[in-house]
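Notes follow once the structure below has been shown.
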Amino acid sequence: MTFMERMQKDFTTITLALIPVAIVINIVVGQVVALLKIPVYMDSVGTMLVAILSGPLAGAITGVLSNLIWGWVLPPPIGNPVAAAFWGTALVIGFQTGLFANWGWFKNKLPQSQAIAYVLGAGMLLTLLQLFLASPTFGSADFTPLALTGVVMGIVLTVITTFLTWRGTFPPLIVIGGVLLGIVSAIISAPVAAQVFGGATGAGTDLLVALFRYSGLDPLTSNLAQGLISDPFDKFVSYVAVWFIVRGLSKRLINQFPRGENVTDR
Amino acid sequence: MNQSFYLDRASGWHALHPLTKIAVAFALSVTAFCVRWDFISVALFVFVVIPFAVWGNIWRPVLRATFTVILPLAVSLALIQGFFFPGAQDVLFQIGPFALKREGLEFAFVTGTRLMLIAGAGLLVVYATHPADLALALVQAGAPYPLAYIIVTAIQLLPEMQARADGILKAQQARGLETTGSLRVRVSALLPLLAPLVYGALENVQERALALDARAFRAPRAKTSWRVLRDTLAQRALRWLLVMFSILLIVASVFVPLFIR
Amino acid sequence: MSSLAVEQLGFQYVQAKSDALRGITFEVPSSSITAIVGANGAGKSTLCYALAGFIPHFFKGNMRGAVRVNGMDSKQTPLAQLVTQVGLAFQNPFNQISGAKLTVSEEIAFGLENLGVPRAEMETRIARALELFGLEQVAHQSPYALSGGQQQRLALASIFVMEPPVMVLDEPTSQLDPQGTREVMAAIQTLAAQGRTIVLVEHKLEWIAELATRVLVLHHGELVAQGAPREILQCADEWGLNETRYARAARMARERGLVAKDVLLPQTLEQATNFFRV
Ligand SMILES: Nc1ncnc2c1ncn2[C@@H]1O[C@H](COP(=O)(O)OP(=O)(O)OP(=O)(O)O)[C@@H](O)[C@H]1O
Ligand SMILES: [Mg+2]
C-alpha cells in the first residue's frame with residue numbers, strides 16, 4: 001500500500017471527527033491530573049487513542065496539532081507556548097503508539113507465563129535504568145536519595161504490573177510499550193529542552209535537571225537523564241489509562257474506526 | 001462558548017491578513033535567533049513588539065500573557081544556568097557549595113529574553129487574529145482543508161469539556177470522593193473523574209462524523225469560503241520581503257562572522 | 001415518478017450477529033412525506049443511512065440489494081455526490097452542529113462551502129434558509145447558544161440549503177419539547193409544500209397521521225406493512241408502537257359498545273371528531 005492510499009484509508013471522516021476531541025482530551029486530562037497533583041503529565045491520552053483507533057499517521061498528526069494548538073491557539077493559563085516546541089515528541093508518541101497498536105500490543109494475547117516474563121523484564125529494565133541514571137557511573141556525584149526513589153518506584157511498579165498481568169487485567173505488552181516509548185520520547189525531548197529552553201521548562205521537573213547539572217553533567221545529558229526518569233513512568237501510566245478507556249468503548253463504535261481491529265478480535 | 005486569545009478590536013493591526021501577522025512574528029523570531037548580540041531580543045521586544053501591541057490596542061494582555069509564561073521559565077533558567085553553566089569561571093557569589101557565575105547568568109539572560117520575544121511575537125498574532133480566520137488563511141495558503149475544522153472545533157469543544165470536568169469534580173466531591181490526601185487516594189479518584197468525561201466526549205464522535213459527511217465535508221472539489229479575508233498587494237509584497245529577509249538572515253548567520261558573538 | 005427506489009435491501013453491521021435489515025423493497029414517490037415507523041431497534045436508522053448512502057459508504061458491514069437515487073446506484077456513487085441528492089438529518093441536534101463554525105449563518109454556509117458554491121450565490125441561499133426555518137433573529141449567534149428546537153431547525157436548514165430533492169429525517173424531534181416539536185414539524189410541512197420529498201422517522205404517531213402521505217412499518221429489520229396512515233396505524237400495537245390518543249379513546253369507546261365495530265379507528269383530531277359524531 002502506498003503512503004497516499006494509507007492516508008486515505010486512515011483519515012476517514014470519523015478519524016477527523018475524533019481528532020479535535022482527542023486534542024481536548026489531552027488538555028483536559030492533563031489539567032485534571034495536574035489538579036490532583038499526581039506526579040505524571042498524562043497529556044497524550046487523546047493522541048494515543050487516535051493512534052490506536054486510526055493508525056500511526058493519524059496519531060502523529062494529532063500529537064503535533066495538539067501541541068501547536070496548546071501552545072499557540074489557547075490562551076494562558078491553559079495555553080503555554082512551551083508545549084509548542086515539543087511537537088516532535090508528540091509526533092513520535094502518536095506514531096510509535098500507532099505502530100505498537102498495529103503490532104497487536106493493545107490486545108490481550110500472550111500465554112500467562114510469557115506475559116509475566118515480559119512484564120518482569122520491562123520492570124527490571126526500568127529499575128536498572130533508574131539505578132544507572134542515579135549512579136556515579138553516569139553522573140559524577142552520588143545522590144543516594146534520587147537513586148533510592150527511582151529504584152523503589154521501579155520495583156513497586158514492577159510488582160504491581162506483574163500482579164495485574166498475572167490477574168490478566170491488561171495486555172502485558174503495553175508495559176513494555178510504555179517503557180520503550182518513554183525512553184524514545186526522552187531522547188527526542190532532551191535536545192529541545194536543552195537547546196531551545198536552555199534546559200528549563202518552568203515545570204517541576206526542572207528540579208531534577210538542576211540536580212543532574214549540579215552533579216556535573218552537561219546540559220543535554222542532564223535533560224536526557226531527567227526525561228529518562230520522568231517519561232517511562234508517565235507513558236506507562238498513560239498506556240494503562242488509555243487501555244482502560246478503549247476497553248470501555250462500545251464495540252460498535254470501535255468497529256467503525258479504520259483500525260478498530262487493533263483492539264478487537266476479528 | 002468559544003475560548004481563544006482573540007480580542008475583537010478595531011485596529012489596523014487586527015485588519016491585516018493573518019499571514020502578514022504571522023510573517024512579522026516569524027521574522028522577529030528568526031532575527032532573535034540569528035543575530036548574536038546579547039540585547040537583540042530585548043531591543044526587538046521594546047521597539048517592535050510593544051509598539052505593534054499598542055497599535056493593536058492589545059498591549060496589556062500581550063505583556064501580561066508574555067510574563068505569565070516567561071517568568072517561571074526565567075527563574076528556572078537563571079538558577080540552572082547561573083549555578084551550573086558548564087565551563088563558567090567568573091563567580092559572582094557563593095551560597096554554601098553553590099557558586100553563582102556570570103557566564104551562566106548571561107546565557108540565561110540571552111535564552112530567557114529570546115523566549116520572551118518569541119512568546120510576545122506569537123501572542124501579538126493570536127490576540128489580534130480570529131482563530132477561524134487563522135485557520136482559513138492556513139487553508140488558503142495550501143494547508144489541508146480539514147485543518148481548519150480541527151483547530152476551530154478543538155477551540156469550541158474545550159470550554160464545554162472543561163465545564164463538564166468541573167461539574168464532575170464537584171459532583172464526585174459532593175458524593176464523598178476524596179480528591180485531596182495521599183497519592184493513593186488521589187490516584188484512585190482519577191478513574192471515576194475521567195471516565196464520564198472521556199466517554200461523554202467519545203460517544204458523539206460517530207454522529208459528528210455523520211453530520212460532517214452529510215454536509216459534503218469530504219467532497220473532492222475546490223472549496224469556497226463564506227468568511228472573507230482581506231488581502232492587499234502591499235501586504236503580499238511585505239510578506240514576501242519578510243520571508244526573504246528571514247532566509248537571508250539564516251544563511252548569513254551560518255557564514256558571516258559579523259553575527260558571531 | 002419516484003426519486004428513491006429500494007430493492008431487496010439487506011444489511012449486517014460488521015461483527016453483528018444478525019441482520020439489521022432484510023429483503024426491503026419499496027419506492028418513495030416524489031413530493032410526498034413518507035413516514036417510517038417501528039419499535040426500538042427495528043432498523044429505522046439503518047434504513048435511513050442506506051437511503052442517504054451512508055451504507056455502504058460510511059458504516060462498515062455487509063450490504064445486499066440496492067438503493068437507487070434518481071436512477072443512480074448508491075454503491076457506485078461517491079457519498080459527497082449522494083448527499084446533494086439525499087440530505088440526512090438525525091436525532092441529536094447538538095451533534096449535528098459541525099463545530100467548525102462560529103455563527104448560525106456560517107454553520108448553514110458549511111455545506112455550500114464544501115460544494116464549492118460561489119459566495120454570491122451562498123448569500124441568497126442562506127437568506128432563504130434562514131427565513132424558511134425562522135432563524136433570521138439568531139443568524140449571528142453561536143449555534144451552541146440556541147435552544148434545542150432552534151438547533152434542530154438549524155440542522156434542517158443546513159441540509160435544506162444544499163438543495164437535495166430528498167430529505168431523510170431520522171427522529172428529528174425525539175429530543176425536543178412539544179414547542180420545539182411543533183416548530184420542526186411546521187418546517188417539515190413547509191418543505192413538503194415546496195415539493196421536497198421527505199422521509200420521516202417518527203415515534204409520535206399523532207404527527208405521522210397528520211402529515212404523512214404514506215407509512216412504512218419496520219419490524220425486526222423487515223418491512224411488514226406499507227400504505228395510507230389511517231389504515232396502517234390501525235394495528236400499531238402489534239408492532240410495538242404507541243397508538244395515538246385518538247385511536248386509544250376510540251378503541252375504549254368501541255370496547256364499551258359505544259360505536260360500531262367496523263369503522264376505522266381515528267388517528268388525527270379531525271378524524272376523531274368525525275368518528276365520535278357518528
Ligand atoms: N453500529 C452498529 N453496529 C452493530 N449493530 C448495530 C449498529 N447500529 C445498530 N445496530 C443494530 O441494528 C439494529 C437496528 O438498529 P437501528 O438503530 O437501525 O434501529 P432503530 O429502529 O433506529 O431504533 P431506535 O428506535 O432505537 O432508533 C438493532 O438491532 C441495533 O442493535
Ligand atoms: Mg434510530
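Below, chains carry the letters A, B, ... as their sequence lines are ordered, and counting in each starts from 1.
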Can you tell me if CD on C/Gln194 sees more than 12 non-hydrogen neighbours from other groups inside 6.0 Å?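 Enclosed: over 12 neighbouring heavy atoms sit under 6.0 Å from CD of C/Gln194.
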Inspect the surroundings of CZ in C/Arg119 and state if more than 12 heavy atoms from other residues, nucleotides or ligands are less than 6.0 Å away. yes
In terms of heavy-atom pairs under 4.5 Å, which option from [options] contacts chain B the most?
{"options": "C/Lys101, C/His57, C/Gln91", "result": "C/Lys101"}
{"options": "C/Ser105, C/Gly99, C/Pro118", "result": "C/Gly99"}
{"options": "C/Gly53, C/Ser158, C/Gly87, C/Pro164", "result": "C/Ser158"}

With a 4.5 angstrom heavy-atom cut-off, which part of C/Ala52 approaches chain B: side chain, backbone, both or neither?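 No part of C/Ala52 comes within 4.5 Å of chain B.
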For B/Ser246, give me all partners under side chain to side chain contact (heavy atoms under 4.5 Å, CB included), at least two apart in sequence or on another chain. B/Phe26, B/Ala27, B/Val30
What residues of residues 143-154 of chain B sit under 4.5 Å from chain C when only non-hydrogen atoms are counted? B/Tyr145, B/Tyr149, B/Val152, B/Thr153
How about residues 227-236 of chain B versus chain C: which residues have heavy atoms under 4.5 Å apart? B/Arg227, B/Val228
Are [X] and [Y] packed together at the side-chain level, in the sense that at least one heavy-atom pair is separated by less than 4.5 angstrom?
{"X": "B/Arg221", "Y": "C/Leu115", "answer": "yes"}
{"X": "B/Trp226", "Y": "C/Leu112", "answer": "no"}
{"X": "B/Arg208", "Y": "C/Ile97", "answer": "no"}
{"X": "C/Glu113", "Y": "B/Phe217", "answer": "no"}

Non-hydrogen atoms of B/Ala219 and C/Ala80 that approach each other most closely: CA-CB, 3.5 Å
Where is the tightest heavy-atom contact between C/Leu102 and B/His130, given as atom of each residue plus distance?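 Nearest pair, atom of C/Leu102 first, then B/His130: CD1-CE1, 3.1 Å.
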Atom pair [atom1]/[atom2] of [X] and [Y] - distance to nearest 0.5 Å:
{"X": "C/Asn92", "Y": "B/Glu207", "atom1": "CG", "atom2": "CD", "answer": "5.5 Å"}
{"X": "B/Glu160", "Y": "C/Tyr144", "atom1": "CD", "atom2": "OH", "answer": "6.0 Å"}
{"X": "B/Gln206", "Y": "C/Phe58", "atom1": "CD", "atom2": "CZ", "answer": "5.5 Å"}

Give the C-alpha distance, both sets of side-chain angles, the deciding distance and a yes or no for salt bridge (charged side-chain N to carboxylate O under 4.0 Å, His left out) between C/Glu107 and B/Arg215. CA-CA 10 Å; C/Glu107 177 69 22; B/Arg215 313 272 287 280; 3.2 Å; yes
Only pairs of heavy atoms separated by less than 4.5 Å count here; which of B/Leu212, B/Leu210, B/Asn204 has the most with chain C? B/Leu210
Identify which part of B/Ala209 has an atom lying under 4.5 Å from any heavy atom of chain C, answering side chain, backbone, both or neither. both
Sub-4.5 Å heavy-atom contacts with chain B: which residues of residues 122-136 of chain C show up?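 Answer by number: C/Met122, C/Glu123, C/Ile126.
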